[in-house]
Amino acid sequence: MEVQDKESLGRWDGIGSRDASSRTEAMENISQEVMKKVEIIGPLPALVPAPPAPGSPPKSDLNDILAHLLMLSKKCPFEDVREGCLRLLQGVQNSGVRIPRPLGNGPSRFIPEKEILQVSKVDARTQSIFEDAFSALGRLDNISLVMGFHPQYLESFLRTQHYLLQMDGPLPLHYRHYIGIMAAARHQCSHLVNLHVNDFLQVGGDLKWLKGLDEAPQKLQQLGELNKILAHRPWLLTKEHIEQLLKAEEHSWSLAELIHAVVLLTHYHSLASFTFGCGIMPEIQCDGGHTFRPPSLSHYCVCDIANGNGHLNHHDDLLRNQEVCGEVEVLMERMKQLQECRDDEEASQEEMATRFEREKTESMLVVSAEEDECVPSRDISRHFEDPSYGYKDFSRRGEHVPTFRAQDYSWEDHGFSLVNRLYPDVGQMLDEKFQMAYNLTYNTMATHKDVDTSMLRRAIWNYIHCMFGIRYDDYDYGEINQLLDRSFKIYIKTMVCSPEKTTKRMYESFWRQFQHSEKVHVNLLLMEARMQAELLYALRAITRYMT
């Protein structure tokens, strides 16, 4: 867990300042406090018994602080702070006290560290985005580093998330983080749960609530059903679910509060998809991100923090340049042929509807992943109800869910204005974020330049909405089968519907000639399309209640 007691260290606020002298003063204060604690503890004996918890000695205030310093030495966007933390860790080690080392090798299990932006080597715009994020939260998390492939999008994402969590709004701050915990826990996303447990406590949240949802206020407990349905089967949401929340007597929600809660739930469900889809590693300062044990080979040196030694390197995927030659060319040729067919003839409305139903049915035959059940740990499952409830295709065993026709209720014409009316500015921010992910292009595909990728991006977006039963009358769903192969569909369905089952093999099995940055862009599309689909069902139910 990240540092809990930051009061004695001035809450570390100064190191996030854009003023260099403020950062220097903060580092000096932190150094003095840390070395005082080190003097009290004294050197550790050379041989110590193995600690009870894997990878770390018994918890102590100093251990938490050292883990936090390790994170800052790697990921603080201010070079002077990174260097100051390295020097401080070196001083602690020289005093005979063990210091932690990272367990992982970069922000992602799927993407080699050398291919991800290093905080020390970014352009001015990305540097500014990283500094803003760090100043707001006191950290630069692994999700942001991976999104850093696409700084335009990252800027929009961080602005929206900051507004939802920290700016004026209908819900108190501790409620916001608790709802984030509830949403992330539905997909067993310990990465996001750990981050928000810490944030929840920092804004004054009650430790008792973290024992389980049944310890939280009744008002939050009532959100459990909405959380469950939105995460796994949003098409089942009705105006009756909304009515139960808005008319719960002394525990009732206001419309504005409910909109805020719905946006947070959908944000963290979809962010869990991105987290698993990109193989995001635990944060260095959190459980699972560091260890105090020395490496099994050679003695650990503090310089390893800086150069990434002391842990395993990713093996390069040799398949990427074998067997798959021509994959990109085939896809580009299909796009060209589809464009020519579009120009030559237009299918009738009946044929378009038939193609949608066919694609919707076929999407149910795509198995999201190995069908073994992922049993959530008690640590995660205590934050939500009914752990056995998960994604189920919407037309199994004769059930029939009516198609959600986009022209009857769309984000642009209906959802946007409802959100903006009840939670000012958020509708605008979400709209910009959706547009950014959908329209983002560098006009490249792998090594090819000057490529119009709009057809491919639309196919991906509409396939996800199709899996949620949402149909666009003006789209020919026959294009999806031409552009998205089976391995890609398996990855999409797993990441969107059961993200906790996403594996590195699945990530590597689609688009093997493409760059990691292009796969991250795909994951941004999947995340935003999923969030919009969930939001549409929730906002439609709220609209039906209101009318």
Gap between atom CG of L526 and atom NZ of K493 - 0.5 Å precision: 14.0 Å
Pair S21-D19, side-chain donor/acceptor within less than 3.5 Å: yes
Ring-face cation of K519 near W511 (centre distance under 6.0 Å, axis angle within 45°): no
Polar side-chain atom of E25 near backbone of S22 as donor-acceptor pair, under 3.5 Å: no
Pair Q32, E28: side-chain N/O donor-acceptor within cut-off below 3.5 Å: no
Donor-acceptor under 3.5 Å (S254 side chain, E257 main chain): yes
Smallest separation among heavy atoms of C278 and F110, with atom names: C-CD1, 3.4 Å
Atom pair CE/CD of M182 and Q221 - distance to nearest 0.5 Å: 8.5 Å
Heavy-atom side-chain contact between N198 and N194 under 4.5 Å: no
Side chain to side chain donor-acceptor pair (under 3.5 Å) evaluation trace for N29 with E33: CA-CA 6 Å; N29 291 338; E33 290 287 345; over 6 Å; no
Residue pair I181, F200: steps toward the side chain to side chain contact (heavy atoms under 4.5 Å, CB included) verdict: CA-CA 9 Å; I181 293 167; F200 170 77; 4.3 Å; yes
Minimum side-chain heavy-atom gap D64-Q285 below 4.5 Å: no
R23 to F78, cation-pi by 6.0 Å centre distance and 45° axis angle: yes
Proximity of H267 and F157 rings by center, below 6.0 Å: yes
Trace of the side chain to side chain contact (heavy atoms under 4.5 Å, CB included) decision for E225 with L245: CA-CA 10 Å; E225 185 75 5; L245 290 164; over 6 Å; no
Interatomic distance, R233 atom CZ to C497 atom SG [nearest 0.5 angstrom]: 11.5 Å
Trace of the side chain to side chain donor-acceptor pair (under 3.5 Å) decision for H521 with Y442: CA-CA 11 Å; H521 181 198; Y442 305 96; over 6 Å; no
L165 side chain reached by L264 side chain, heavy atoms, under 4.5 Å: yes
Any donor-acceptor N/O pair, S135 side chain to D132 backbone, under 3.5 Å: no
Side chain to side chain contact (heavy atoms under 4.5 Å, CB included) between I280 and R109, intermediate numbers included: CA-CA 6 Å; I280 300 294; R109 288 185 295 115; over 6 Å; no
H232: partners by side chain to side chain donor-acceptor pair (under 3.5 Å), with sequence neighbours left out: R186
Reported CD1-to-OG1 distance for the pair I490 and T502, which is rounded to 0.5 angstrom: 12.0 Å
Interatomic spacing from CD in Q161 to CE in M167 - rounded to 0.5 Å: 14.0 Å
Pairwise distance OG1(T160) to CD(Q428) - rounded to 0.5 angstrom: 10.0 Å
Q218 vs H251, side chain to side chain donor-acceptor pair (under 3.5 Å): CA-CA, chis, key distance, verdict: CA-CA 7 Å; Q218 187 67 32; H251 305 299; 5.3 Å; no
Residues which pass side chain to side chain contact (heavy atoms under 4.5 Å, CB included) with E249, listed by chain and number, not counting sequence neighbours: none
pair R176-L173: side-chain heavy atoms closer than 4.5 Å: yes
Y178 versus D199, side-chain donor and acceptor atoms under 3.5 Å: no
Candidate pair I15 and C76, rule side chain to side chain contact (heavy atoms under 4.5 Å, CB included), full reasoning: CA-CA 9 Å; I15 56 173; C76 179; 5.9 Å; no
Side chain to side chain donor-acceptor pair (under 3.5 Å) between T126 and D123, worked out: CA-CA 6 Å; T126 308; D123 59 39; 2.8 Å; yes
side-chain hydrogen bond (donor to acceptor under 3.5 Å, both in side chains) pairs, two or more places apart, involving residues 269-284: K75-E283, H191-E283, N227-H269, H269-E534, S273-R530
Non-hydrogen atoms of R101 and R293 that approach each other most closely: NE-O, 2.9 Å
Minimal non-hydrogen separation, V203 against H177, with atom names: CG2-CD2, 3.9 Å
M27 vs C85 side-chain heavy atoms within contact, under 4.5 Å: yes
V262 side chain reached by L535 side chain, heavy atoms, under 4.5 Å: yes
Test item: M147 and Y153 side chains (from C-beta on) under 4.5 Å apart, heavy atoms: yes
W253 versus K219, closest heavy-atom pair with distance: NE1-O, 3.1 Å
Geometric class of the Y423/Y163 ring pair [parallel <30°, tilted 30-60°, perpendicular >60°]: tilted
Contact summary for P499 and M495, nearest pair of heavy atoms: CB-O, 3.2 Å
Taking every non-hydrogen atom, the tightest pair across L525 and A437: CD2-O, 3.4 Å
Polar contact flag, side-chain donor to acceptor under 3.5 angstrom, H260-Y175: no
Other residues, nucleotides, ligands: >12 heavy atoms within 6.0 Å of Q152 CD: no
Residue list, side chain to side chain contact (heavy atoms under 4.5 Å, CB included) with A133, at least two apart or on another chain: L140, L158
Listed partners of N420 passing side chain to side chain donor-acceptor pair (under 3.5 Å), at least two apart: none
Student check: side-chain heavy atoms of V520 and V146 closer than 4.5 Å: yes
Atom CG of D168 with >12 non-hydrogen neighbours under 6.0 angstrom: no
Test item: Q166 side-chain N/O and A136 main-chain N/O as donor-acceptor pair under 3.5 Å: yes
Set of side chain to side chain donor-acceptor pair (under 3.5 Å) partners for R125, sequence neighbours left out: E155
E39 with K36: basic N within carboxylate O range, under 4.0 Å: no
Test applied, side-chain contact (heavy atoms from CB on, under 4.5 Å); reference residue, S73; option that passes from I284, L86, V81: L86
H187 (side chain) donor-acceptor with Y268 (main chain) under 3.5 angstrom: no
